[in-house]
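We count ligands from 1, going down the list as the structure has it; atoms in each ligand are counted the same way.
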Amino acid sequence: MNEVIDAFRRVIPNRYKRTGRGWITFDCPACGDRRGRGGFLETPTGGFRYRCQNGGCDYEKRTGWEPEGGLFGRPRRLFQILGGDISDIPEKWLKSDPNPVKLSRAEWVKWMMSDTSSKRPVLRRPEDLNTLTDFPEVTLPQDCQLLWQATSKNARDAQDYVLNRSSLLAGHPFCWSPKYPRHVIVPFVCRNKLVGWIARKIDEGKEYAHIKCPNWPTHYMYNQQLVWRRPTVLVQEGTFDAILMGSLCTFGNTITDKQVNLLNSCGKKIILLPDFKKDEWWAYWQTAKDNNWYLAIPEYPGDDGHSGIDHIKDAGESISRNGLLYTMRTVMGSLTQDYLHAETIYGMRSRS
Ligand SMILES: [Zn+2]
């Protein structure tokens, strides 16, 4: 046990209960709860988790700490709300490890170069693959044009939206249709067929932010053909990020069983990169853990990681701010299979 856990044990209220699964529950000090809805759990790695089951509490979203990370932000505030005095904790625990393991330059160069590899994988489960790699053809919305050739005012706004996200998206074959004038359409081609499209709204607001095509290919991942070409396969949630980074995208925060099969059957190194948003990272985290895949836990440059100011929720936001190469390096330098540690990082870095 370390001095941080020791200090927490001293400030846990006297009125507490211990549950079968190791949680210590007591009245949450953050929300004035009186029904023992706060829960504290020590992890086998010498850290802890805390969460409150009182809706609306600041700690409804779990927080936590592990010895290699500094005690700051929400876990540190929790200690103070519990009545703890920060000066009881030795200085070394307040700062994060200054020498975290990072990808070396040689490994990074190797990874970049490997892009052109033509190595063919060994397929372990060919019987599964028909449904995974072949999808029915769909049609584009009415009067669809290539975005860059469309000239209406709305189409120009759509072009601006794309270029504002990143100038590197210029020339990508997006489409535009007067049927969805305030959207950019991203078509998906697989085995020389148009197997789907998704339309992304160019204005603020959640309503119709994404429109999926009719007969949506549920188990399709954008860029999934790349699993045959790359020794390393990065999977994330958003389409634009996938276009920019040459990664796969799942169009959301979950990965279906068939997608898991495809990723496992390709025999490559699989890395999942969830969005740092609310609890939405959870499904990716769980899937990576279940399959022994890697997780990326990037500290995006420009996000201080705990204050919430300048929060960066995904690679796309980091690319707008820091550029593509910097973002790639940050992501690829952050891989881990320490799932407990990753859980803590996602909990700390995610915002609503
Ligand atoms: Zn609470």
In the hydrophobic clustering (ILVMFWY, side-chain contacts below 4.5 Å, transitive), which residues join L41, or is it alone?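 Its cluster mates, by chain and number, are W23.
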Whether R349 engages the ring of F276 as a cation-pi pair (distance to the six-membered ring centre under 6.0 angstrom, angle to the ring normal within 45°) should be assessed.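 Cation-pi check for R349 and F276: fails.
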No waters, cut-off 2.8 Å: how many protein N, O or S atoms are close to the Zn ion (ligand 1)?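 Counting protein N, O and S atoms closer than 2.8 Å to the Zn ion (ligand 1) gives 4.
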Residue among I198, V138, L194 satisfying side-chain contact (heavy atoms from CB on, under 4.5 Å) with F188: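 Passing option: I198.
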What residues form a side-chain hydrogen bond (donor to acceptor under 3.5 Å, both in side chains) with D85, not counting sequence neighbours?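 So D85 forms a side-chain hydrogen bond (donor to acceptor under 3.5 Å, both in side chains) with S87.
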Any side-chain to backbone donor/acceptor pair from Q286 onto W282? Under 3.5 Å, distance only.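 No; judged by distance alone, with no hydrogens or angles, the pair does not exist.
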Partners passing salt bridge (Lys or Arg N to Asp or Glu O under 4.0 Å) against D88 (at least two apart in sequence or in another chain):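 With sequence neighbours excluded, D88 shows a salt bridge (Lys or Arg N to Asp or Glu O under 4.0 Å) to no residue whatsoever.
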